[in-house]
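Below: the structure, in structure tokens.
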Number of protein chains: 2
Amino acid sequence: MTSKLPSTSRSLPIALIRAREGVMAPIREMLSETGITEQQWRVLRVLSEYGALDTTTLADRSSLLFPSLTRIASTMRDKGLITQTRDQADRRRQIIDITEAGQKIITERAAQSAQIVADFRITLGDENYETLLDLLAKLDPGSRD
Amino acid sequence: MTSKLPSTSRSLPIALIRAREGVMAPIREMLSETGITEQQWRVLRVLSEYGALDTTTLADRSSLLFPSLTRIASTMRDKGLITQTRDQADRRRQIIDITEAGQKIITERAAQSAQIVADFRITLGDENYETLLDLLAKLDPGSRD
DNA sequence: TGGCAATTATTAACATGACAAGGAAAGCCG
DNA sequence: CGGCTTTCCTTGTCATGTTAATAATTGCCA
């Protein structure tokens with residue numbers, strides 16, 4: 001049994017990294033004007049979409065590790081982008097919500113962000129774009145069939 | 001113009017993150033037994049495939065940023081996995097090569113690594129697997145048509 | 001030849017990823 | 001009630017991602 005490794009040029013992990021880099025480049029460029037990071041943008045996006053969330057749910061939907069979210073939330077609170085409140089019924093839990101300042105960033109960049117997404121959809125074509133999302137979902141253990 | 005943002009559940013950047021996490025989970029599990037990181041594994045893979053490389057080429061093929069590679073190479077040299085030599089013709093340049101100890105890690109894990117890749121290919125199906133790699137390549141600015 | 005721009009690599013600074021350990025609160029159960 | 005486990009969150013540590021600044025060479029060109 002030879003068990004050869006695939007060439008790195010056709011390696012799935014590396015292909016995922018490079019694709020992500022290609023997709024994030026214009027988004028990072030946009031975010032550089034706002035002073036927030038890509039992860040902070042994700043947190044705002046999720047809060048804007050779902051409303052106030054407990055930390056566990058927020059971490060899951062933002063695809064952030066829990067310890068990372070603890071630190072990210074701390075800096076975002078200092079920036080006035082989110083609020084953190086203790087759940088009075090269960091004081092272990094914490095509820096995070098977006099502030100007006102946070103929502104303002106999302107709103108102001110919505111058009112620009114949507115345009116970036118639209119460009120990628122055009123690059124791949126509508127059908128390929130949906131196919132790609134479906135295939136990626138199959139690699140995600142959290143949503144595998 | 002409304003310019004709505006897509007739901008985060010169908011967001012391409014987030015889908016890429018989650019897919020990558022799904023793919024890397026078993027690989028990280030394998031690497032935890034070797035004491036090297038995912039990035040160090042990529043460096044060894046590239047060196048094993050292409051032979052000695054200058055730092056710029058190595059960074060490009062490993063999909064690592066230059067400052068990251070500087071640190072990673074430093075730790076890998078200390079671990080005895082690679083060698084660093086100055087190019088005598090152009091002393092700004094540096095040549096990195098894999099050592100026997102480094103090659104040994106690749107060789108010992110080749111079968112296990114190939115099995116992990118094979119499992120994902122089965123999960124998606126051969127055709128889907130190739131389609132996915134092709135679509136991901138189209139998002140990579142370094143290989144876009 | 002001498003100075004300036006370009007290339008290559010390193011370092012710095014901050015934020016995050018990943019994993020382990022610790023701490024606080026709640027729930028269970030004798 | 002009191003101890004035990006579980007859950008939720010925080011902190012610590014090391015490695016990496018990202019951007020900017022700096023250093024060391026080299027190449028160009030007046």
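Letters A, B, ... mirror the listed sequences (proteins, then strands); counts begin at 1.
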Think Q39(B) has a side-chain N or O under 4.0 angstrom from the OP1 or OP2 of dG17(D)?
yes
Counting distance only, does the side-chain N/O of S62(B) pair as donor-acceptor with the main-chain N or O of L64(B) below 3.5 Å?
no
Comparing nearest nucleotides in DNA chain C, the 5'-proximal residue of the pair D87(A), K79(A) is K79(A)
Rounded to the nearest Å, what distance is computed from the CH2 atom of residue W41(A) to the P atom of nucleotide dT18(D)?
18 Å
Taking dT10(C), dA25(C), dC19(C) as options, the one with an atom nearest any side-chain atom of R91(A) is dA25(C)
Does T107(B) reach the main-chain N or O of Q103(B) with its side chain, forming a donor-acceptor pair under 3.5 Å?
yes
Whichever of A89(A) and L69(A) has the more 5' nearest nucleotide on DNA chain C, that residue is L69(A)
Consider the side chain of L65(B), meaning its heavy atoms from C-beta on, and name the nucleotide among dG17(D), dA25(C), dT10(C) that approaches it most closely.
dG17(D)
For residues I27(B) and E38(B), determine if any side-chain heavy atom of one lies less than 4.5 Å from a side-chain heavy atom of the other.
no
When we call it a touch if two heavy atoms are under 4.0 Å apart, what does E38(A) touch: a base, just sugar-phosphate, or nothing?
nothing
Tell me whether the side-chain N or O atoms of R71(B) pair up with the base of dT16(D) as donor and acceptor below 3.5 Å, since no angle test is needed here.
no
Given atom CD of E29(B) and atom C1' of dA18(C), what is their separation to the nearest angstrom?
15 Å
Would you kindly give the CG-to-C1' distance between D54(A) and dA25(C), to the nearest whole Å?
16 Å
Should R121(A) and E127(A) count as an ion pair when the cut-off is N to O under 4.0 Å?
no
Looking at the side chain of R86(B), which of dG17(D), dG17(C), dA9(C) is the nearest nucleotide?
dA9(C)
More 5' along DNA chain D: R93(A) or P67(B), using each one's nearest nucleotide?
R93(A)
What is the distance from CD of Q84(B) to P of dT10(C), rounded to the nearest Å?
7 Å
Would you indicate which nucleotide in dA18(C), dA15(D), dC9(D) comes nearest to any side-chain atom of T56(A)?
dC9(D)
Rounded to whole Å, CG of D90(B) lies from P of dT25(D) at a distance of 11 Å
Please check the phosphate of dA18(C) (OP1 and OP2 only) for any side-chain N or O of R28(B) closer than 4.0 Å.
yes
Would you say dG17(C) has OP1 or OP2 under 4.0 Å from some side-chain N or O of S68(A)?
yes
Would you say a side-chain N or O of Q94(B) is under 4.0 Å from OP1 or OP2 of dT10(C)?
yes
Side chain of T55(B): nearest nucleotide among dA9(C), dA12(C), dT16(C)?
dA9(C)
Of the non-hydrogen atoms in R92(B) and R86(B), which two are nearest, and what is the gap between them?
O-NH1, 3.0 Å
Of the listed nucleotides dA15(D), dT11(C), dC9(D), the one nearest the side chain of T37(B):
dA15(D)
Out of dC19(C), dT8(C), dT7(D), which has the shortest distance to the side chain of R92(B)?
dT8(C)
Separation of dC8(D) C1' from D60(A) CG (nearest whole Å)
15 Å
Whole-Å distance separating the CD atom of E33(A) from the C1' atom of dT19(D)
16 Å
ILVMFWY cluster, L81(A) and W41(A) together (side-chain gap under 4.5 Å):
yes
Can you tell me how far C1' of dG17(D) sits from CG of L31(A), to the nearest Å?
15 Å
